[in-house]
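A short write-up of the structure that comes next.
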Amino acid sequence: MADAPVHRHNGGPLNDDDARKLWNHIRALETLEEQKAEVAEDIKCRKEIVKADGFDTNIVAIILKRRKAGQGQTSAADNLLQLYEDALAEQKVLPLEETKRPKEGGRRTIEQIAEDLHGEPPPEDLVKQDEAPTIQ
């Protein structure tokens with residue numbers, strides 16, 4: 001377990017040397033935050049250029065991630081991906097277009113749902129209630 005940090009300044013006054021150090025740390029961190037914002041803007045602009053040149057930014061991001069990971073991790077991920085895709089292909093669930101249910105025109109009626117579930121439509125007296133119930 002790591003020891004708790006020791007703070008030399010717990011409410012007492014700072015000497016000139018410590019105050020100068022604190023100021024230097026604050027300015028350095030502010031500068032780094034500004035640079036980080038500039039780099040983030042540069043990355044955003046570069047992605048827009050990639051897209052304008054007709055490249056898929058998601059695929060470019062994957063390439064960057066794979067290059068950063070290194071060959072060993074990339075090969076392991078490729079092997080695992082292939083294993084999963086093969087298993088899904090055996091279940092006949094790839095490609096996705098083949099497994100999607102075709103859209104039917106609008107919402108299904110109670111009769112259609114009952115027929116799907118039970119193989120027959122529901123009894124007439126449960127579905128067809130044209131008149132509001134009367135209280136006697």
Side-chain angles (χ1 to χ4, degrees):
M1 179 181 254
D3 294 329
V6 177
H7 298 286
R8 296 186 338 205
H9 311 290
N10 289 324
L14 297 179
N15 63 36
D16 287 344
D17 188 45
D18 286 339
R20 200 170 17 264
K21 286 179 184 177
L22 177 61
W23 174 245
N24 287 335
H25 290 309
I26 289 172
R27 279 305 302 142
L29 289 168
E30 287 175 337
T31 301
L32 290 169
E33 287 293 332
E34 290 168 4
Q35 291 172 350
K36 183 169 79 170
E38 290 172 3
V39 168
E41 185 62 29
D42 289 347
I43 291 171
K44 180 181 172 188
C45 289
R46 177 55 63 175
K47 287 179 179 179
E48 290 172 3
I49 293 168
V50 168
K51 188 174 183 178
D53 283 344
F55 297 104
D56 186 316
T57 55
N58 293 324
I59 300 301
V60 170
I62 291 169
I63 291 170
L64 292 171
K65 184 177 180 182
R66 291 169 63 91
R67 287 173 49 88
K68 186 177 180 180
Q71 184 62 37
Q73 289 182 353
T74 300
S75 295
D78 287 345
N79 292 338
L80 192 55
L81 178 62
Q82 188 63 51
L83 177 72
Y84 288 0
E85 286 180 341
D86 290 346
L88 292 173
E90 288 175 13
Q91 296 295 315
K92 298 185 184 351
V93 294
L94 286 177
L96 183 59
E97 291 78 27
E98 293 176 8
T99 61
K100 286 184 178 178
R101 294 181 82 178
K103 279 194 167 183
E104 297 174 9
R107 294 179 62 138
R108 297 186 316 152
T109 65
I110 292 174
E111 291 87 352
Q112 291 169 327
I113 294 170
E115 193 154 351
D116 285 349
L117 292 174
H118 304 291
E120 59 185 47
E124 290 285 327
D125 59 328
L126 290 178
V127 178
K128 305 285 185 199
Q129 295 182 2
D130 294 327
E131 298 177 14
T134 57
I135 301 175
Q136 295 181 357

Below 3.5 Å, can you tabulate the donor-acceptor pairs from side chains in residues 74-81 to any protein atom, sequence neighbours excluded?
{"from": "Thr74", "atom 1": "OG1", "to": "Arg66", "atom 2": "O", "distance (Å)": "3.2"}
{"from": "Thr74", "atom 1": "OG1", "to": "Gly70", "atom 2": "O", "distance (Å)": "2.7"}
{"from": "Ser75", "atom 1": "OG", "to": "Gln71", "atom 2": "O", "distance (Å)": "3.1"}
{"from": "Ser75", "atom 1": "OG", "to": "Gln71", "atom 2": "NE2", "distance (Å)": "3.0"}
{"from": "Asp78", "atom 1": "OD1", "to": "Arg66", "atom 2": "NH1", "distance (Å)": "2.8"}
{"from": "Asp78", "atom 1": "OD1", "to": "Arg66", "atom 2": "NH2", "distance (Å)": "3.0"}
{"from": "Asp78", "atom 1": "OD2", "to": "Arg66", "atom 2": "NH2", "distance (Å)": "2.9"}
{"from": "Asn79", "atom 1": "ND2", "to": "Ser75", "atom 2": "O", "distance (Å)": "3.3"}

Those residues that, when tested against Arg27, pass salt bridge (charged side-chain N to carboxylate O under 4.0 Å, His left out) (two or more places apart): Glu30
Glu115 atom CD: more than 12 heavy-atom contacts under 6.0 Å: yes
Ignoring hydrogens and angles, write down the donor-acceptor pairs under 3.5 Å from the side chains of residues 37-60, residues two or more places apart or on other chains.
{"from": "Asp56", "atom 1": "OD1", "to": "Asn58", "atom 2": "N", "distance (Å)": "2.8"}
{"from": "Asp56", "atom 1": "OD1", "to": "Ile59", "atom 2": "N", "distance (Å)": "3.2"}

